[in-house]
Amino acid sequence: MMSIATAATDKSVLDMFQRLSVPDNKCQATYVWIDGSGESLRAKTRTLDFVPTTPAELPVWNFDGSSTGQAEGSNSDVYLYPVAMYRDPFRLGNHKLLLCETYKYNKEVTPTNLRKRCLEVMTKAADQKPWFGMEQEYTLLDTDNHPYGWPKNGYPRPQGPYYCGVGADKVHGRDIVEAHYRACLYSGITISGENAESMPAQWEFQVGPCEGITMGDDLWMARYLLHRVAEDFNVVITLDPKPVRGDWSGAGLHTNFSTEAMRAPNGIVEIEKGIEKLSHHHHRHIKAYDLKGGKDNERRLTGFHETSNIHDFSAGVANRGCSIRIPRHVAEEKQGYLEDRRPSSNADPYLVAETLTRTICLDE
Ligand code: ADP
Ligand code: MN
Ligand code: MN
Ligand code: MN
C-alpha cells in the first residue's frame, strides 16, 4: 500500500509556545483591514514596547497595496490608521487587535474604506442616537468549497429540521460557532447571540444593539474572528448570499434599526415614519445592500425562502416575506425598532448603516 504524505501542524504543540511568558511591557498588535475585494480581511502583526489603551496611541502603519488589490506596484504603500481596539483572543494577555482604515499615498480613502463616510453621517445624526443590530448569516465550507458536513455526492434531506436544530444529523460545525462566540465576548465585541440556520452548515450570529459607528467596527472584527477561528478548525467561511442554488436558503445581514424616538413610548409612530421614508428609496438601498451593487442580492431576494422580491418594497408586522418587518412584540408594545431584511450576508455594514441613517435620520 502506498501511503500519502500529508504535512499538518498540531495546535497542541502551538499551545506550549503560547504559554511562554513575554515581558509585561510588550504587546503584539495585529492590524486588521478590509482588502480591495471589500469582503476579505487581511492582518499583520508588530511588537509595541507599551500596552495601548486607545487606538489613537498606535502608530500609523502601511502595507503593500499591490498585493491586496489596493494599489499599483509602482506606488504600492497604503496606510493603516487604527480606529478600534479589541482584546486578542488568540494570544491573550495584553495583546491587541486593531481594526484599521486604509488610506492611499495621497491620504485619500481607498475605494473599500467605507468607514470614513459612515462616521461623518453618524456624527451628523448623533443627537438621534441611532442603534443597529445586525444578524450575520454565513455558511461553513470544507476546504474543497463543498458545504461542510454535506454528503459529497447528493444533498442532505430537505430544509425543515435544521433551523435552531440540535443533533448530529441536524447541525454541522457547532465547535466553530461556540469558539467564535467566546472569542467575540473576550474581545469586547457586543455579540448578542447565535443560532443554526435553515440550511445545514449555515449559521447566524447577532451583533448589537450598537450605537453609530460601533456597529460596523464590531461586525467587521466579528467577521475577522470568524474567519480566523474557522482557520484553526480547517474550515472555510463564505458570506456568499446564495451559496447553494435551488431550494436552499440564502444568507442575509438583517439589520435592526432604531432611533431614540422609536425606542420611546409610542415610538411606533416614528417607526412608521421611517418606513414611509424607506419606501421612497428602495433602489438606493438595494444598491448599497450587497457587495456588487444589487447584483448579488438578485440571487437571494427572490420572494421565496422568507425573502421579499428584490424589485418591490414592502413592510409588515411579523411578516418575513417583506423588505421591512416590524417584530410582533414591537407592534404590541408600540415602541422599539424595525428590521430591514434586504441586506445580503456580504454587505458592508458601514454602507448599510450609513444608508439607513441618511434616509431615516437626515432625510438625504
Ligand atoms: P430575528 O427574529 O429577526 O431572527 P434576532 O434575534 O436574530 O432577530 O436579532 C435581533 C437583533 O435586533 C439583535 O441583534 C439585537 O441586538 C437587535 N436589537 C434589539 N433591540 C434593538 C433596537 N432597539 N434597535 C436596534 N437593534 C435592536
Ligand atoms: Mn435572527
Ligand atoms: Mn436568520
Ligand atoms: Mn432577522
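Whatever order the structure lists them in is the order used to number ligands and atoms, beginning at 1. As the structure is a prediction and not an experimental result, all values here were calculated from the model.
- In this structure, Thr102 OG1 and Asp35 CG are separated by 9.5 Å, a value rounded to the nearest 0.5 Å.
- Within Glu339, the N, O or S atom lying nearest to the Mn ion (ligand 4) carries the name OE2.
- Residue pairs that meet the ring pair (Phe, Tyr, Trp, His ring centres under 6.0 Å) test with at least one member in residues 58-98, sequence neighbours left out, are Tyr31-Trp61, Trp33-Phe63, Tyr81-Tyr103.
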Expected rows: ligand 1 N/O, protein N/O, dist below 3.5 Å:
| residue | atom | partner | partner atom | Å |
| --- | --- | --- | --- | --- |
| ligand 1 | 2 (O) | Arg320 | NH2 | 3.4 |
| ligand 1 | 3 (O) | Glu135 | OE1 | 3.2 |
| ligand 1 | 3 (O) | Glu135 | OE2 | 3.1 |
| ligand 1 | 3 (O) | Arg325 | NH1 | 3.1 |
| ligand 1 | 3 (O) | Glu339 | OE2 | 2.9 |
| ligand 1 | 4 (O) | Glu135 | OE1 | 3.1 |
| ligand 1 | 7 (O) | Glu135 | OE1 | 3.2 |
| ligand 1 | 7 (O) | Glu204 | OE2 | 3.0 |
| ligand 1 | 7 (O) | Gln206 | NE2 | 3.2 |
| ligand 1 | 12 (O) | Asn256 | ND2 | 3.3 |
| ligand 1 | 16 (O) | Gly208 | O | 3.1 |
| ligand 1 | 16 (O) | Pro209 | N | 3.1 |
| ligand 1 | 23 (N) | Ser258 | OG | 3.2 |
| ligand 1 | 24 (N) | Ser258 | OG | 2.7 |

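- The pair Glu364-Arg358 meets the salt-bridge criterion, since a charged nitrogen lies less than 4.0 angstrom from a carboxylate oxygen.
- Judged as a side chain to side chain contact (heavy atoms under 4.5 Å, CB included), and not counting sequence neighbours, the contacts of Tyr337 are Asn256, Ser258, Pro327, His329, Val330.
- Atom CD1 in Ile310 sits 11.0 Å away from atom CZ in Arg299 (nearest 0.5 Å).
- Within the sub-2.8 Å shell of the Mn ion (ligand 3), the protein contributes these N/O/S atoms: Glu137 OE2, Glu197 OE2, Glu204 OE1.
- Ring geometry for His282 versus Phe313: interplanar angle over 60°, hence perpendicular rather than tilted (30 to 60°).
- For the atom pair CD1 (Ile34) and CZ (Arg115), the distance works out to 9.5 Å, reported to the nearest 0.5 Å.
- The only member of Asp348, Asn297, Asn346, Asp340 that meets side-chain hydrogen bond (donor to acceptor under 3.5 Å, both in side chains) when paired with Tyr289 is Asp340.
- For the side-chain hydrogen bond (donor to acceptor under 3.5 Å, both in side chains) with Thr30, the lone residue among Lys96, Arg91, Arg228 that qualifies is Arg91.
- Distance alone, capped at 3.5 Å, places no donor-acceptor pair between the Ser187 side chain and the Ile189 backbone.
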